[in-house]
Amino acid sequence: MREWRVPHSDQDLQKFRSKLLGWFHRHQRDMPWRRTRDPYCIWLSEIMLQQTRVAAAIPYYERFLETFPSVRALAGAEEEDVLRLWAGLGYYSRARNLQRAAREIVERHGGEFPRDFAAALALPGIGNYTAAAILSIAHGAPHAVLDGNVARVIARLEAIRGDLREGSRWRALQTSAGRLLDISHAGDWNQAMMELGATVCTPRAPNCAVCPVAESCRARKLGLTETLPEKRRKRAPEKVHLAVAVFLDPAGKTILFPPAKAASRKKEERNSELSALFSRLWHFPAAAVRKDARTELRRHLQTVGGMQMISAAKLLPLPPLRHAVTYREITITAFVVRVKELPGARTGRVLPMNKLHSLAVSGLTRKIARAALAR
DNA sequence: AACTCGGGGGC
DNA sequence: GCCCCAGAGTT
């Protein structure tokens with residue numbers, strides 16, 4: 001055993017576990033998915049929580065279960081309807097994979113979420129973390145989770161330096177997580193570690209004064225709680241300028257364009273790249289801007305949208321909007337185009353501006369719609 | 001191993 | 001502004 005491991009002895013480990021579990025039972029936050037053991041509900045919550053804060057996921061979780069209360073209901077749905085419920089939550093491949101997995105579960109597992117770790121791991125959208133979380137919480141299976149919270153907690157307990165996401169270091173953290181795991185309360189244990197990371201052992205300004213395991217913490221002994229873990233280096237941001245057309249007819253209807261098919265990475269055209277900015281969901285007609293937003297949008301509407309050329313004076317610009325998608329910083333110039341009759345487009349769907357939620361649209365599209373309606 | 005994928009809450 | 005969140009899939 002590496003001597004810096006914390007806690008040191010088996011006896012200390014027992015105390016460590018009972019302290020953290022006791023703390024968890026007293027201080028855990030109430031969450032909708034903590035009121036059930038249904039593997040489907042646990043699964044859904046874990047997918048929604050991937051890279052997403054608890055508070056953000058809760059309303060989506062409730063709405064989703066009202067519409068799709070079971071694996072079979074989800075498996076029988078249209079992907080479009082699943083995405084519509086996911087709209088605004090981000091990382092839309094989660095929703096697509098969730099539904100693909102539901103169909104696999106119905107076909108191969110009799111509609112029951114598999115209890116076997118390898119079988120769970122084989123489902124789309126389920127990696128090591130999610131498989132361990134679902135099986136431990138729903139069935140008490142002895143798998144330790146390792147997420148951002150747990151990694152930070154262990155990194156401080158053991159005073160680990162360096163980027164935690166780096167391969168060998170992440171594997172070492174997984175080993176430590178497995179050693180700490182209380183296998184007789186695996187589900188609660190995993191949640192306790194995450195809860196500690198989320199509410200006490202936070203990224204900045206950890207509240208060591210209330211930490212139930214502070215005396216086991218090596219970072220605390222060394223005065224490193226503020227400097228560990230070391231920050232991840234991030235990719236440099238990239239600026240993008242977008243021009244979009246918000247058509248409005250007298251009835252308050254507008255036109256959205258459909259999600260573009262995923263193009264192969266190499267021959268990805270500018271147009272399809274642009275569609276990725278809308279998360280490959282329904283979106284307003286849009287053009288990437290190099291010089292003049294109005295000119296390039298008008299040309300785009302004609303050449304790509306198949307519309308008749310629209311006179312420049314019809315395009316009334318809104319104040320620029322800003323939106324961030326991963327490392328891209330998007331500046332959006334939205335033009336409201338009031339028309340007596342919506343122009344015919346090659347593709348696209350006509351719907352009332354205030355019913356955008358009837359289609360799967362990204363947060364960016366919603367942001368543009370809000371700004372246009374506020375005029 | 002490096003990239004990509006959303007959006008927002010908290011400071 | 002900046003960080004990073006109950007990560008996974010692809011290249």
Side-chain angles (χ1 to χ4, degrees), chain A residues 28-29 31-34 42-61 83 86-98 100-101 120-134 136-137 143-153 163-171 173-174 177 187 189-199 201-206 229-238 262 264-266 268 273 275-281 322-330 360-367:
Chain A
Q28 66 171 301
R29 295 167 291 175
M31 302 176 192
W33 45 86
R34 284 186 175 163
I42 307 293
W43 171 33
L44 176 64
S45 74
E46 291 301 340
I47 300 299
M48 286 190 165
L49 288 167
Q50 286 169 7
Q51 296 292 286
T52 305
R53 292 174 187 280
V54 167
I58 288 177
Y60 285 87
Y61 173 85
L83 283 169
W86 211 272
L89 193 56
Y91 284 133
Y92 299 97
S93 63
R94 293 185 297 178
R96 299 184 175 104
N97 285 333
L98 181 71
R100 285 170 48 207
L121 199 56
L123 292 167
I126 298 190
N128 275 301
Y129 163 80
T130 306
I134 296 169
S136 66
I137 296 170
H143 305 285
V145 301
L146 180 61
D147 74 329
N149 286 311
V150 176
R152 181 173 57 256
V153 168
D163 181 355
L164 303 186
R165 301 279 174 170
E166 191 270 326
S168 62
R169 193 164 289 116
W170 193 258
R171 285 191 290 278
L173 288 165
Q174 181 72 65
W189 177 260
N190 282 330
Q191 294 187 80
M193 289 286 284
M194 293 189 282
E195 192 82 348
L196 187 71
T199 64
C201 196
T202 48
R204 278 175 303 182
E230 293 173 19
K231 284 188 265 293
R232 255 197 287 188
R233 60 190 179 289
K234 59 167 186 179
R235 127 159 229 183
E238 187 178 292
S264 81
R265 218 30 106 175
K266 275 181 188 167
E268 196 159 30
E273 175 118 26
S275 160
L277 297 178
F278 292 98
S279 310
R280 302 193 193 291
L281 299 172
R322 299 193 169 281
H323 189 75
V325 180
T326 64
Y327 59 89
R328 285 191 261 285
E329 297 172 352
I330 312 172
V361 298
S362 72
L364 172 54
T365 298
R366 296 169 146 197
K367 188 180 286 187

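Below, all heavy atoms of this structure are taken into account, side chains as well, without hydrogens, waters or symmetry copies. Order of the sequence lines fixes the chain letters, A, B, ..., with proteins taken first and strands second; residue numbering starts at 1 for each chain.
Here C/dA6 is the nucleotide among B/dG7, C/dA6, B/dT4 with the atom lying nearest to any side-chain atom of A/Val54. Closest to the A/Tyr129 side chain, of the nucleotides C/dA8, B/dG6, B/dC5, is C/dA8.
The residue A/Met31 sits close to a base: some heavy atom pair falls under 4.0 Å. A/Asn190 comes within 4.0 angstrom of nothing in the nucleic acid, heavy atoms only. Residue A/Trp86 is out of contact with every strand shown, counting any heavy-atom pair closer than 4.0 Å. Note on A/Thr130: only backbone sugar-phosphate atoms sit closer than 4.0 angstrom, heavy atoms only; bases stay farther off.
Contacts with DNA chain B (heavy atom under 4.0 Å) in residues 88-96 of chain A: A/Gly88, A/Leu89, A/Gly90, A/Tyr91, A/Tyr92, listed by number.
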Note, DNA chain B 5' to 3' with Watson-Crick or G-U pairs under 3.5 Å encoded as ( ), [ ], | and . gives |||||.|||||

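If A/Ser168 and A/Lys367 are placed on DNA chain B by their nearest nucleotide, the residue sitting closer to the 5' end is A/Ser168. Heavy-atom nearest nucleotides on DNA chain B were determined for A/Arg171 and for A/Ala56, and the one closer to the 5' end corresponds to A/Arg171.
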Between the protein and nucleotides 2-4 of chain C, which nitrogen or oxygen pairs are less than 3.5 angstrom apart?
| unit_1 | atom_1 | unit_2 | atom_2 | d |
| --- | --- | --- | --- | --- |
| C/dC3 | OP2 | A/Lys234 | NZ | 2.9 |

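Not a single side chain to side chain donor-acceptor pair (under 3.5 Å) links A/Ser279 to another residue, sequence neighbours left out. Residues satisfying the side-chain contact (heavy atoms from CB on, under 4.5 Å) criterion with A/Ala95, sequence neighbours excluded, are A/Val82, A/Leu83, A/Trp86. A search for ring-ring contact (aromatic ring centres under 6.0 Å, His included) contacts involving A/Tyr129 returns nothing, not counting sequence neighbours.
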